[in-house]
There are 2 protein chains.
Amino acid sequence: MTDTAPRPTLEAVAARAGVSRATVSRVVNGGDGVRDVLVERVRKAVDELGYVPNQAARSLVTRRHDAIAVVVAEPETRVFADPFFAHQLRGISKELTAHDNQLVLLLTEGRDDHARVGRYLAGGHVDGALVFSLHLDDPLPELIQRAGIPTVFGGRPGWSGDRREVVYVDSDNRGGARDAVRHLAGLGRTRIAHITGALDQTSAADRLDGYRDVMVDADPRLIAEADFTPAGGERAMHELLERCPDVDAVFAANDLMASGALRVLRGSGRRVPDDVAVIGFDDMRPVAEQTDPPLTTVRQDIEEMGRLMARLLLRGLDRDAPREGVGATPSSVVLPTTLVRRGSA
Amino acid sequence: MTDTAPRPTLEAVAARAGVSRATVSRVVNGGDGVRDVLVERVRKAVDELGYVPNQAARSLVTRRHDAIAVVVAEPETRVFADPFFAHQLRGISKELTAHDNQLVLLLTEGRDDHARVGRYLAGGHVDGALVFSLHLDDPLPELIQRAGIPTVFGGRPGWSGDRREVVYVDSDNRGGARDAVRHLAGLGRTRIAHITGALDQTSAADRLDGYRDVMVDADPRLIAEADFTPAGGERAMHELLERCPDVDAVFAANDLMASGALRVLRGSGRRVPDDVAVIGFDDMRPVAEQTDPPLTTVRQDIEEMGRLMARLLLRGLDRDAPREGVGATPSSVVLPTTLVRRGSA
DNA sequence: ATGAAAGCGCTAACAA
DNA sequence: TTGTTAGCGCTTTCAT
């Protein structure tokens with residue numbers, strides 16, 4: 001491990017270039033209104049000294065940090081089991097990088113952490129926040145409101161009774177679910193079951209709604225509640241098989257659960273898709289492409305969601321942005337989904 | 001999105017509490033040597049005003065940021081296909097959180113990004129860096145050295161000819177590989193093949209070495225070079241089958257490749273483990289537990305690696321830490337692995 | 001086009 | 001124990 005050496009300051013550069021600190025500052029920040037000769041001299045001094053501006057000092061006066069926080073509020077370890085999270089992060093990172101912003105990652109491990117996150121957000125370390133994985137009863141939005149920091153949510157926040165306008169990016173969970181179920185119906189299936197996700201998340205609730213849109217008076221026994229995990233999918237599939245042995249199709253609210261269902265189906269001696277057709281949601285390639293048979297699923301562009309969230313937030317932060325008219329206050333976005341056909345349906 | 005309100009300063013709190021700024025500062029930073037009455041008064045004022053210290057101002061004088069950067073230098077999108085990354089991150093996050101440090105995530109997307117990362121690290125935004133996924137020819141270590149910032153590497157860095165002492169955390173790749181191959185040999189297998197990872201990463205090279213340790217004069221045709229991806233595993237397995245149809249065991253350098261190999265094996269009509277035994281590496285549960293048959297594999301405690309990296313870095317940063325004696329300069333750590341037996345071998 | 005000077009909000013000597 | 005004071009390194013009026 002190396003030890004930190006003392007860094008040159010603006011002052012040092014100014015001395016070396018034979019100009020004032022103000023001039024160096026101007027050059028460092030774009031150099032408008034400074035004679036070319038001086039710009040050159042200053043640049044040279046900067047290079048020779050290896051000068052890098054001290055962000056703390058800069059932020060102290062500009063009140064900007066060029067950093068945004070990504071808050072992943074997932075009490076469970078689930079986030080880490082699926083690549084969803086990583087993809088979003090990647091999209092966010094790309095967009096932020098393109099705008100010279102840094103990404104500060106805040107992972108919360110349960111209730112105790114919320115206070116810490118709240119403090120951090122309120123502490124003026126970052127210019128804005130991107131918040132994920134909210135459950136209905138999550139106290140985080142409240143904290144964030146209090147922190148008074150611009151925020152974009154990932155996924156439609158579910159809490160009700162909130163008057164404030166929130167900005168979020170979500171995919172069309174309901175529409176995607178409809179497409180999936182319609183596809184199954186189009187295959188001639190009539191006993192189409194649904195394995196739900198954790199219903200305290202809007203994504204799960206919306207997918208269930210989509211299922212119901214198509215299966216208007218579905219046998220309630222065809223709906224099994226689960227939690228987005230493979231084990232949950234297995235459990236739900238067992239239930240379903242027991243309650244309705246005549247089930248001929250299953251729409252699972254994500255790929256992980258679908259893969260669990262697939263295993264149970266195989267174990268029960270049923271062939272997929274011949275006896276029972278299966279559709280998942282997410283299109284997580286490592287999962288969906290490697291089940292047997294490969295999974296037909298509803299794809300959402302996760303990385304794009306991340307990118308969009310970042311873009312929305314940055315736009316809202318932009319001081320020169322138009323305060324009214326088109327694109328003034330960013331508003332929520334819902335991205336379309338597409339059905340990807342593979343072997344399972 | 002909410003707009004930011006002007007925050008109260010130390011000054012304001014001092015005025016309200018009827019004390020000096022210095023006293024408020026003391027209270028805010030622990031409150032030693034301040035009379036209880038005043039501590040109380042100040043705390044009250046802080047609460048009433050909703051005062052939160054301005055980090056920029058604080059860092060400017062303390063030169064600490066209580067933030068460390070995590071640099072993930074993975075040109076490929078591979079990081080995002082496997083949960084490895086997320087697990088490390090989680091371990092790191094936990095440890096940092098426990099020490100009131102923030103995590104700044106720096107994702108690099110290829111060469112162009114390196115300069116940006118270098119600038120950031122040199123910019124004095126963070127107190128230290130945790131760096132991952134180095135390839136042999138990676139320019140990042142060089143940049144980091146120049147930035148002169150304390151660093152701990154994840155995985156043994158492979159570049160040679162570097163005199164400086166580097167601190168890293170790695171798992172015992174070579175030993176783990178030996179265990180795996182010995183297990184296969186113990187099963188009576190004699191034609192044991194190896195599918196390597198990307199050999200420009202030390203983890204892959206070390207696992208290959210471990211394989212060779214046991215298979216001292218292995219038929220070179222039993223070694224197929226791949227790249228840690230499932231597709232690479234499939235390709236390698238095809239090669240292997242073609243070159244050595246009598247292969248009776250395969251040790252793949254990670255679970256993803258092992259799952260690919262499993263598919264090819266099944267496709268070729270071979271039974272696992274009866275005809276060919278298979279062992280992976282990593283113990284990525286979502287993968288290893290859900291292959292058919294479930295994968296026997298070498299487990300490494302990824303989260304612990306992350307935690308350890310953070311701990312090492314923080315210890316090195318600690319100003320009050322003993323500069324000599326036990327635990328003075330942190331040194332590298334290699335964590336043990338364990339063989340997890342499932343169905344495939 | 002350039003420089004002088006005033007602070008941004010905080011901590012840390014030093015005095016009292 | 002508490003207050004006074006001098007900066008930390010930078011940006012930004014305001015003069016020149």
Side-chain angles (χ1 to χ4, degrees), chain A residues 4-43 45-46 49-67 119 122-127 319-320, chain B residues 4-43 45-46 49-67 119 122-127 319-320:
Chain A
T4 316
R7 321 210 129 278
T9 69
L10 251 202
E11 185 81 52
V13 178
R16 177 154 197 136
V19 299
S20 71
R21 275 163 23 200
T23 297
V24 177
S25 176
R26 287 178 188 117
V27 172
V28 168
N29 294 295
D32 315 315
V34 179
R35 271 181 315 164
D36 291 3
V37 229
L38 287 195
V39 172
E40 242 355 280
R41 281 230 301 272
V42 171
R43 290 248 162 84
V46 165
L49 262 33
Y51 168 77
V52 183
N54 177 319
Q55 275 303 328
R58 179 181 292 197
S59 294
L60 185 53
V61 27
T62 61
R63 282 139 194 303
R64 303 199 83 242
H65 301 85
D66 297 316
R119 235 181 301 125
H125 299 77
V126 292
D127 302 324
R319 287 159 169 180
D320 319 325
Chain B
T4 316
R7 319 206 134 282
T9 70
L10 252 203
E11 184 81 53
V13 179
R16 177 153 198 137
V19 299
S20 72
R21 270 158 34 200
T23 297
V24 178
S25 175
R26 288 179 189 114
V27 172
V28 168
N29 294 293
D32 316 314
V34 178
R35 268 184 316 167
D36 291 3
V37 230
L38 287 195
V39 172
E40 242 354 280
R41 280 232 300 273
V42 171
R43 290 248 162 84
V46 165
L49 262 33
Y51 169 77
V52 183
N54 177 319
Q55 276 303 327
R58 176 179 289 183
S59 294
L60 185 54
V61 26
T62 60
R63 282 141 192 302
R64 304 200 82 244
H65 301 85
D66 297 314
R119 233 181 303 125
H125 298 77
V126 292
D127 302 323
R319 288 160 169 179
D320 319 323

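Because the structure is predicted, anything quoted here is derived from the model rather than measured. Every chain is numbered from 1 and lettered A, B, ... according to where its sequence line falls, protein lines coming before strand lines.
Nearest-nucleotide assignment on DNA chain D puts the 5′-proximal partner with Arg21(B), out of Val24(A) and Arg21(B).
Arg64(B) places its CZ atom 23 Å from the P atom of dG9(C), with the value rounded to the nearest Å. Rounding to whole angstrom units, CD of residue Glu11(B) and P of dG3(D) are separated by 12 Å. The distance between atom CG of Asn54(A) and atom P of dC8(C), rounded to the nearest whole Å, is 18 Å. One interatomic measurement links the two molecules: CZ of Arg63(A) to C1' of dT12(D), which rounds to 13 Å at whole-angstrom precision. One interatomic measurement links the two molecules: CD of Gln55(A) to C1' of dC8(C), which rounds to 15 Å at whole-angstrom precision. Rounded to a whole Å, the CG atom of Leu60(A) is 17 Å from the P atom of dA6(C). Rounding to whole angstrom units, CZ of residue Arg58(A) and C1' of dG9(C) are separated by 18 Å. Atom CG in Asp66(B) sits roughly 12 Å away from atom P in dT11(C) (whole-Å rounding).
The side chain of Ala57(B) sits closest to dG9(C) out of dG9(D), dG9(C), dA12(C). For Val19(B), the listed nucleotide lying nearest its side chain is dG3(D); candidates were dG3(D), dG9(D), dC10(C).
Ser59(B) places a side-chain N or O within donor-acceptor distance of the main-chain N or O of Gln55(B), the cut-off being under 3.5 Å.
Between Ser25(A) and the phosphate of dT11(D), there is a side-chain N or O to OP1/OP2 separation shorter than 4.0 Å. At least one side-chain nitrogen or oxygen of Thr23(A) sits closer than 4.0 Å to the OP1 or OP2 atom of dG3(C). The side chain of Arg35(B) contributes no N or O atom lying less than 4.0 Å from OP1 or OP2 of dT1(D). Close to dG9(D), at under 4.0 Å from its OP1 or OP2, lies no side-chain N or O of Thr9(A).
Taking the screw axis at each terminus of the helix from dA1(C)-dT16(D) to dA16(C)-dT1(D) from five consecutive base pairs, the angle between the two is 30° to within rounding of 10 degrees.
Residues Arg21(B) and Ala14(B) approach most closely at N-CB, 3.8 Å, considering heavy atoms. Considering every non-hydrogen atom in both Val28(A) and Tyr51(A), the closest pair reads CG2-CE2, 4.1 Å. The two residues Gly30(A) and Arg43(A) have their closest heavy-atom pair at O-NH2, 4.5 Å. The two residues Val42(A) and Val19(A) have their closest heavy-atom pair at CG2-CG2, 4.0 Å.
Taking NE2 of His125(B) as the start and NE2 of His65(A) as the end, the distance is 10.5 Å to the nearest 0.5 Å.
Between the side chain of Arg26(B) and the base of dG3(D), at least one donor-acceptor pair of N or O atoms lies under 3.5 Å.
The side-chain heavy atoms of Val27(B) and Leu38(B), taken from C-beta on, include no pair separated by under 4.5 Å.
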